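Here the structure comes first, spelled out in C-alpha coordinates, and everything after it is commentary.
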Amino acid sequence: MKIQLPELIDRITISEIKIEKLKIPHLKEELDAYQEALNEFVEKNIEIKQEWFDRLKKVNTKIFELEFAVREIMDADDVWKAAEEKFGFAELGRRVQIISKFVVERANIKNEIAEQTGYGFKEVKTDYCGQKI
(Lines give C-alpha, C1' and ligand atoms only; values in the text may rest on other atoms or scores of the structure.)
Protein backbone atom coordinates (compact mmCIF):
# COMPACT_ATOMS: atom_id res chain seq x y z
CA MET A 1 0.00 0.00 0.00
CA LYS A 2 1.25 3.46 -0.84
CA ILE A 3 1.44 6.13 1.80
CA GLN A 4 -1.74 8.15 2.21
CA LEU A 5 -1.66 11.87 1.39
CA PRO A 6 -2.39 13.19 4.90
CA GLU A 7 0.29 10.94 6.38
CA LEU A 8 2.74 11.94 3.66
CA ILE A 9 2.29 15.66 4.32
CA ASP A 10 2.65 14.98 8.05
CA ARG A 11 5.89 13.04 7.51
CA ILE A 12 7.29 15.78 5.28
CA THR A 13 6.75 18.38 8.00
CA ILE A 14 8.21 16.11 10.68
CA SER A 15 11.29 15.45 8.52
CA GLU A 16 11.74 19.19 7.99
CA ILE A 17 11.56 19.79 11.73
CA LYS A 18 14.08 17.02 12.46
CA ILE A 19 16.48 18.42 9.85
CA GLU A 20 16.20 21.90 11.34
CA LYS A 21 16.43 20.84 14.99
CA LEU A 22 18.65 17.75 14.97
CA LYS A 23 20.97 18.50 12.03
CA ILE A 24 21.19 14.82 10.99
CA PRO A 25 22.33 14.68 7.34
CA HIS A 26 20.68 11.41 6.28
CA LEU A 27 17.26 12.84 7.08
CA LYS A 28 17.50 14.85 3.84
CA GLU A 29 17.29 11.54 1.93
CA GLU A 30 14.11 10.68 3.81
CA LEU A 31 12.62 14.08 3.01
CA ASP A 32 13.57 13.71 -0.66
CA ALA A 33 11.80 10.33 -0.80
CA TYR A 34 8.66 11.86 0.70
CA GLN A 35 8.83 14.74 -1.79
CA GLU A 36 9.02 12.22 -4.65
CA ALA A 37 5.94 10.46 -3.30
CA LEU A 38 4.15 13.81 -3.07
CA ASN A 39 4.93 14.44 -6.73
CA GLU A 40 2.78 11.41 -7.61
CA PHE A 41 -0.23 13.23 -6.15
CA VAL A 42 0.71 16.46 -7.94
CA GLU A 43 0.94 14.55 -11.24
CA LYS A 44 -2.64 13.36 -10.66
CA ASN A 45 -3.67 17.04 -10.42
CA ILE A 46 -4.55 16.72 -6.74
CA GLU A 47 -4.68 20.17 -5.18
CA ILE A 48 -2.02 20.30 -2.46
CA LYS A 49 -2.48 23.32 -0.21
CA GLN A 50 0.52 25.02 1.39
CA GLU A 51 -1.79 25.78 4.32
CA TRP A 52 -1.80 22.05 5.24
CA PHE A 53 2.00 21.99 5.42
CA ASP A 54 2.08 25.21 7.44
CA ARG A 55 -0.52 24.06 9.96
CA LEU A 56 0.98 20.59 10.38
CA LYS A 57 4.49 21.99 10.72
CA LYS A 58 3.32 24.43 13.38
CA VAL A 59 1.59 21.76 15.48
CA ASN A 60 4.37 19.20 14.91
CA THR A 61 6.96 21.74 16.03
CA LYS A 62 5.04 22.25 19.26
CA ILE A 63 4.82 18.50 19.80
CA PHE A 64 8.52 18.03 19.01
CA GLU A 65 9.62 20.73 21.44
CA LEU A 66 7.48 19.42 24.29
CA GLU A 67 8.38 15.78 23.64
CA PHE A 68 12.09 16.47 23.20
CA ALA A 69 12.41 17.75 26.75
CA VAL A 70 10.45 14.77 28.05
CA ARG A 71 12.54 12.31 25.98
CA GLU A 72 15.69 13.52 27.71
CA ILE A 73 14.58 11.91 30.97
CA MET A 74 13.57 8.59 29.40
CA ASP A 75 17.17 7.33 29.28
CA ALA A 76 17.69 7.85 33.00
CA ASP A 77 18.05 4.80 35.24
CA ASP A 78 15.25 6.17 37.43
CA VAL A 79 12.82 7.90 35.08
CA TRP A 80 10.55 9.09 37.89
CA LYS A 81 13.42 10.67 39.80
CA ALA A 82 14.72 12.32 36.63
CA ALA A 83 11.24 13.63 35.85
CA GLU A 84 10.85 15.07 39.34
CA GLU A 85 14.26 16.75 39.14
CA LYS A 86 13.77 18.18 35.64
CA PHE A 87 10.13 19.25 35.74
CA GLY A 88 8.33 18.12 38.81
CA PHE A 89 5.40 15.80 38.37
CA ALA A 90 2.85 18.57 37.95
CA GLU A 91 4.80 20.06 35.02
CA LEU A 92 5.34 16.63 33.48
CA GLY A 93 1.60 15.96 33.65
CA ARG A 94 0.85 19.37 32.18
CA ARG A 95 3.20 18.69 29.26
CA VAL A 96 1.58 15.33 28.58
CA GLN A 97 -1.85 16.96 28.50
CA ILE A 98 -0.65 19.70 26.16
CA ILE A 99 0.98 17.12 23.88
CA SER A 100 -2.28 15.17 23.73
CA LYS A 101 -4.14 18.35 22.76
CA PHE A 102 -1.71 18.93 19.90
CA VAL A 103 -1.93 15.28 18.80
CA VAL A 104 -5.70 15.70 18.47
CA GLU A 105 -5.22 18.95 16.52
CA ARG A 106 -2.76 17.15 14.23
CA ALA A 107 -5.23 14.31 13.59
CA ASN A 108 -7.97 16.83 12.80
CA ILE A 109 -5.76 18.54 10.20
CA LYS A 110 -4.92 15.19 8.61
CA ASN A 111 -8.62 14.29 8.54
CA GLU A 112 -9.37 17.60 6.86
CA ILE A 113 -6.82 16.79 4.15
CA ALA A 114 -8.40 13.37 3.60
CA GLU A 115 -11.88 14.89 3.40
CA GLN A 116 -10.91 17.69 1.03
CA THR A 117 -8.90 15.53 -1.36
CA GLY A 118 -10.59 12.15 -1.09
CA TYR A 119 -7.12 10.64 -0.66
CA GLY A 120 -6.39 9.04 2.65
CA PHE A 121 -8.11 7.47 5.58
CA LYS A 122 -9.65 9.42 8.41
CA GLU A 123 -7.70 8.99 11.60
CA VAL A 124 -9.97 7.77 14.36
CA LYS A 125 -9.00 8.12 17.98
CA THR A 126 -11.43 7.27 20.71
CA ASP A 127 -11.13 8.98 24.04
CA TYR A 128 -7.53 10.01 23.43
CA CYS A 129 -6.50 11.34 26.83
CA GLY A 130 -10.08 12.40 27.40
CA GLN A 131 -10.47 14.01 23.96
CA LYS A 132 -12.48 12.69 21.06
CA ILE A 133 -11.77 13.15 17.38
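The model shown is predicted, which means the values in this text are computed figures rather than measured ones.
Between Lys110 and the options Glu115, Glu7, Glu105, a side chain to side chain donor-acceptor pair (under 3.5 Å) holds for only Glu7. Applying the side chain to side chain contact (heavy atoms under 4.5 Å, CB included) test between Ile48 and each of Leu8, Asn39, Ile113, Leu5 identifies Leu5 as the sole match.
Under the side-chain hydrogen bond (donor to acceptor under 3.5 Å, both in side chains) criterion, the residue pairs touching residues 74-86 are Glu72-Lys86, with sequence neighbours excluded. Under the ring pair (Phe, Tyr, Trp, His ring centres under 6.0 Å) criterion, the residue pairs touching residues 31-64 are Phe41-Tyr119, Phe64-Phe68, with sequence neighbours excluded.
The shortest side-chain heavy-atom distance between Ile24 and Ile19 does not fall under the 4.5 Å cut-off. In this structure, the side chains of Arg106 and Glu123 stay at 4.5 Å or more apart for every pair of heavy atoms. Between Glu67 and Ile99, some side-chain heavy-atom pair lies under the 4.5 Å cut-off.
At most 12 heavy atoms of other shown residues, nucleotides or ligands fall within 6.0 angstrom of atom CD in Glu29.
Summarising the geometry, atom CZ belonging to Arg11 is positioned 10.5 Å from atom CD belonging to Gln4; distances are rounded to the nearest 0.5 Å. Remark: Leu56 CG to Glu16 CD distance equals 10.5 Å, nearest 0.5 Å. Between the CD1 atom in Ile73 and the CG atom in Leu92 there is a gap of 5.0 Å [rounded to 0.5 Å]. Atom CD1 of Ile109 sits about 14.0 Å away from atom NZ of Lys57, to the nearest 0.5 Å. Taken from CD1 in Ile14 to CG in Asn60, the straight-line distance is 4.5 Å, to the nearest 0.5 Å. Here Ile17 contributes atom CD1 and Thr61 contributes atom OG1; the two are 3.5 Å apart, rounded to the nearest 0.5 Å.
Under the 3.5 Å distance criterion, the side-chain polar atoms of Asn111 are left unmatched by any main-chain donor or acceptor of Lys122.
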Practice item. Could you walk me through whether Thr117 and Glu47 pass the side chain to side chain contact (heavy atoms under 4.5 Å, CB included) test, one step at a time? Key: CA-CA 7 Å; Thr117 64; Glu47 181 184 10; over 6 Å; no
**Study point:** Residues Asp32, Lys28; criterion side chain to side chain contact (heavy atoms under 4.5 Å, CB included); working and verdict
**Key:** CA-CA 6 Å; Asp32 290 343; Lys28 179 73 170 97; 2.7 Å; yes
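Closest heavy-atom contact between Ala83 and Phe89: CB-CE2, 4.3 Å. Residues Ala114 and Gly120 approach most closely at CB-O, 3.8 Å, considering heavy atoms.
Under 4.0 Å is where a charged nitrogen must lie from a carboxylate oxygen, and between Lys2 and Glu40 at least one such pair does.
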